[in-house]
Undergrad: 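The structure's right below; bear with me while I get my questions together.
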Number of protein chains: 2
Amino acid sequence: MQVKIKDVAKLAGVSVTTVSRVLNGEKYVKDDLKEKVNRAIEELGYAPSQIARSLVRKKTNLIGVIVPDLTSSFYSTILSSIEEVASANDFNLLVCNISEDIDKELKYLTVFQEMRVEGIIIMHEKINEQIRTLIHKIKIPVIFSSVKPMDQKFISVIVDDYQAAYDATQYLIELGHESIGFIGGDMRDITSGQNRYSGYRNAMSESGKKLVYEHIRFGDYKVRSGYDQMHEILSTKNPPTAVFAVSDDMAVGAMNCIRDHHLQVPGDISVMGFDGSQLTELVRPTLTSMEQPIHQMGKVTMDVLLKQIAGDMIPDEDIVLEHRLVARESCQNRKQDF
Amino acid sequence: MQVKIKDVAKLAGVSVTTVSRVLNGEKYVKDDLKEKVNRAIEELGYAPSQIARSLVRKKTNLIGVIVPDLTSSFYSTILSSIEEVASANDFNLLVCNISEDIDKELKYLTVFQEMRVEGIIIMHEKINEQIRTLIHKIKIPVIFSSVKPMDQKFISVIVDDYQAAYDATQYLIELGHESIGFIGGDMRDITSGQNRYSGYRNAMSESGKKLVYEHIRFGDYKVRSGYDQMHEILSTKNPPTAVFAVSDDMAVGAMNCIRDHHLQVPGDISVMGFDGSQLTELVRPTLTSMEQPIHQMGKVTMDVLLKQIAGDMIPDEDIVLEHRLVARESCQNRKQDF
DNA sequence: GTGAAAGCGCTAACAT
DNA sequence: ATGTTAGCGCTTTCAC
């Protein structure tokens, strides 16, 4: 049987109230009593039950986090930043990995509710009607990180995906590429699917480049799909001289595919990624990428959520962080240099 | 104010016991009452408090996990397997990322205790005296995953690091390499530091190869240190024809360094990794690696912990999983072929 | 300064 | 088959 406050009180020869006071660092406890209590705690190896404490205080110090894929370097980096801020503020993370499993998300949302978490962070946007209903009913602060669901009620911490993709494409255009392929994400995703595709399309058309639909394909953000989609693009009659993939993972897959076709990156085909993950510095040639401030994203998400929990005013609009193009080796200037 | 069981009882016109019975799927509740209760629950959007429930049942369904580095693909993959098994058994994960911060571990161990988690998974082995004392005092099942601390009391789920490193080195020897460099881990780590180094050393000496201490260096498992240590090795008079790094990340760093010195992998120098992470398939040339069954490791860890929690008999010895050498492109056969 | 007692939201005897 | 009631381990008035 676990040792409880009563046991400590008995051993110290004081009331439970006094023990509780010492535990919570209140004043109005004489030093000698305080010491007695601390000795008893030490001797019994007593650890106060957060469960009981939560029940009376109506405060759990718990945050629920829903991650689409823990093995992804992008999400796990955000998660680690979230954890850092949470821990510094004495909050604990209840982590759930829902790999495309929408039922699991529903289940976890319910669990979070039952656990009385004080805030919920969601990192994916494929929310169906059932989830939307539940999420609206829950009276717990919810914030989205790195994604923006089609729902005005909740705020997101994101980059301007449209503009970022526009800028990335523009960069390739400025390097002198006429024909630029595109490996997009899931078009059911607004943030990383639709918005990035729109950015690419508009940058192209505003520069008078025509879209070659054979060179436009969609993957699932993972390395494998980048490889496969690149394979399709290379099978066309006139492959593009540059390809923009909306995740670093897909960009790396594309690079590998290009190499397996005995072509050079960036000599024959330039490749641009998106995310600014650890991979960019790790592959050779190093990957030029449209960088999201991944760490900051996690930090800001948690900061805002903590404010929301504290009842402070929080912005009622999305928090848009700066994207930044980091040029590395995978994109080549095609212009004639003098 | 949160809706509670009493509110549901009132609305349904029954006692709280009846509501509780419906909640917990007990029989002995007439169908019409059951329906009334369910309607009330639905109408009020009631979610039973796990906090209160835990208090009386003395069961939290919580597992505490201590990860050394969430951003590492190795640990996050184990974590995702753990999560999968936990979730399937209705356990929730309290996740803590301690990046070399031993104080944070101490703090979290205390938090876990206070949260009354039912089991603790630890994925690193740098435990100091203070932590050892605490961990022994806690009456919660503890299991180590992928590491083995110097402590007989707890079991670990691991591979045979000594044998795995031995086999990896042996493989390079069999490929005809006479001079094999080594990029080890932290020698304070038993599992991945000392044991792997011993495996390398013994494989070398048993084959009559002499150890060249200039070619033996130690890093921190990360890409950067692999690069830096390889740089040192390449600065010696007669660099080896093969290098064995005890993490895939360091192996990739080494490969990049070799390339930056205008040498070929594996033409000039072969590189062998350790872990079998996603990276192996992603870099070019693909990385030959001594594979740990990462997913299985997480699964088995959680399986055993659940048994332990259930009070079942569990093995009193470490659970050693099979390692497996996966040959890819980064190691070359130096023998004369006819 | 310190303690007695009520109560947080639920479950589980026990009674009916 | 349903309800009454006593706790689970703690905090927090309130009284002394």
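Residue numbers start from 1 in every chain, and the chains themselves are labelled A, B, ... in the order their sequence lines are given, proteins ahead of strands. Computed from a prediction, not measured in an experiment: that's the story for all the values here.
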Undergrad: Using the salt bridge (Lys or Arg N to Asp or Glu O under 4.0 Å) rule, collect all pairs that involve residues 123-135 of chain B, keeping only residues at least two apart or in two chains.
TA: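 For residues 123-135 of chain B: Lys126(B)-Asp189(B), Glu129(B)-Arg132(B), Arg132(B)-Asp151(B).
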Undergrad: Using the side-chain hydrogen bond (donor to acceptor under 3.5 Å, both in side chains) rule, collect all pairs that involve residues 91-105 of chain B, keeping only residues at least two apart or in two chains.
TA: Glu83(A)-Lys104(B), Glu105(B)-His124(B)
Undergrad: Treating Ser80(B) as the side-chain partner and Thr77(B) as the backbone partner, does any N or O pair qualify as donor plus acceptor under 3.5 Å?
TA: yes
Undergrad: Quick one: CD1 on Ile309(A) to CZ on Phe91(A), what's the gap to the nearest 0.5 Å?
TA: 4.5 Å
Undergrad: Who passes side chain to side chain donor-acceptor pair (under 3.5 Å) against Ser192(A), sequence neighbours left out?
TA: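 With neighbours one apart ignored, the set is Tyr221(A).
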Undergrad: Heavy atoms of chain A, cut-off under 4.0 Å: which first and last nucleotide of DNA chain C, 5' to 3', fall inside that, if you could look?
TA: dG1(C) to dG9(C)
Undergrad: Counting only side-chain N and O atoms of Lys58(B), is one of them less than 4.0 Å from OP1 or OP2 of dG9(D)?
TA: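 Answer is yes, contact under 4.0 Å.
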Undergrad: Kindly write out the residues that satisfy side chain to side chain contact (heavy atoms under 4.5 Å, CB included) with Val300(A), not counting sequence neighbours, or none if the list is empty.
TA: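 Expected list: Val157(A), Gln296(A), Val304(A), Ile319(A), Leu321(A).
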Undergrad: When the distance from CZ of Arg116(B) to C1' of dG9(D) is rounded to whole Å, what number comes out?
TA: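 Nearest whole value for this atom pair: 9 Å.
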Undergrad: Using the side chain to side chain donor-acceptor pair (under 3.5 Å) criterion, which residues pair with Thr133(B)? Sequence neighbours excluded.
TA: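 By the side chain to side chain donor-acceptor pair (under 3.5 Å) rule, Thr133(B) matches no residue at all.
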Undergrad: Strictly below 4.0 Å, heavy-atom distances to any atom of DNA chain C: list the hits from residues 35-51 of chain A, or just say none.
TA: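 The stretch gives none, as no residue of it lies under 4.0 Å from the strand.
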Undergrad: Using whole Å, what does the distance between atom P of nucleotide dG7(D) and atom CG of Leu55(B) come to?
TA: 14 Å
Undergrad: Please report, rounded to the nearest Å, how far the P atom of dT12(D) is from the CD1 atom of Ile5(A).
TA: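 Rounding to the nearest Å, CD1 of Ile5(A) and P of dT12(D) are 11 Å apart.
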Undergrad: Give the table of side-chain donor-acceptor pairs shorter than 3.5 Å for residues 35-50 of chain B, with sequence neighbours excluded, one pair per line with atom names and distance.
TA:
from	atom 1	to	atom 2	distance (Å)
Asn38(B)	ND2	Lys34(B)	O	3.3
Ser49(B)	OG	Ile51(B)	N	3.2
Ser49(B)	OG	Ala52(B)	N	3.1

Undergrad: Tell me every residue that passes side chain to side chain donor-acceptor pair (under 3.5 Å) with Ser20(B), counting only those two or more places apart in sequence or in another chain.
TA: Asn24(B)
Undergrad: Quickly work out the Arg57(A) CZ to dG9(D) C1' distance and round it to whole Å.
TA: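 Computing the Arg57(A):CZ to dG9(D):C1' distance gives 13 Å.
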Undergrad: Would you say Asp186(A)'s side chain and Gly193(A)'s backbone share a donor-acceptor pair under 3.5 angstrom?
TA: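 Absent.
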Undergrad: Rounding to 10 degrees, work out the angle separating the end axes of the helix from dG1(C)-dC16(D) to dT16(C)-dA1(D) (five pairs an end).
TA: 40°
Undergrad: From dG7(D), dC10(D), dT2(D), pick the nucleotide closest to the side chain of Leu33(B)?
TA: dT2(D)
Undergrad: Contact between Arg116(A) and Leu62(A) at the side-chain level, heavy atoms closer than 4.5 Å - yes or no?
TA: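 They are not in contact (no side-chain heavy atoms under 4.5 Å apart), so the answer is no.
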Undergrad: I need the Ile82(B) CD1 to Ile63(B) CD1 distance, nearest 0.5 Å.
TA: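 Separation between the atoms: 9.5 Å.
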Undergrad: Starting at NZ of Lys4(A) and ending at P of dG9(D), how long is that distance when rounded to a whole Å?
TA: 4 Å
Undergrad: Does any residue of residues 8-22 of chain B have a heavy atom under 4.0 Å from DNA chain D, and if so, which ones, in number order?
TA: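 Under 4.0 Å from DNA chain D: Val14(B), Ser15(B), Thr17(B), Thr18(B), Arg21(B).
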Undergrad: Side chain to side chain donor-acceptor pair (under 3.5 Å) with Glu118(A): which residues, sequence neighbours excluded?
TA: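 Once residues adjacent in sequence are excluded, the partners of Glu118(A) under the side chain to side chain donor-acceptor pair (under 3.5 Å) criterion are Lys59(A).
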Undergrad: Whole angstroms only, please: what is the CG-P distance between Asn24(A) and dT13(D)?
TA: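 One finds 13 Å between P of dT13(D) and CG of Asn24(A), rounded.
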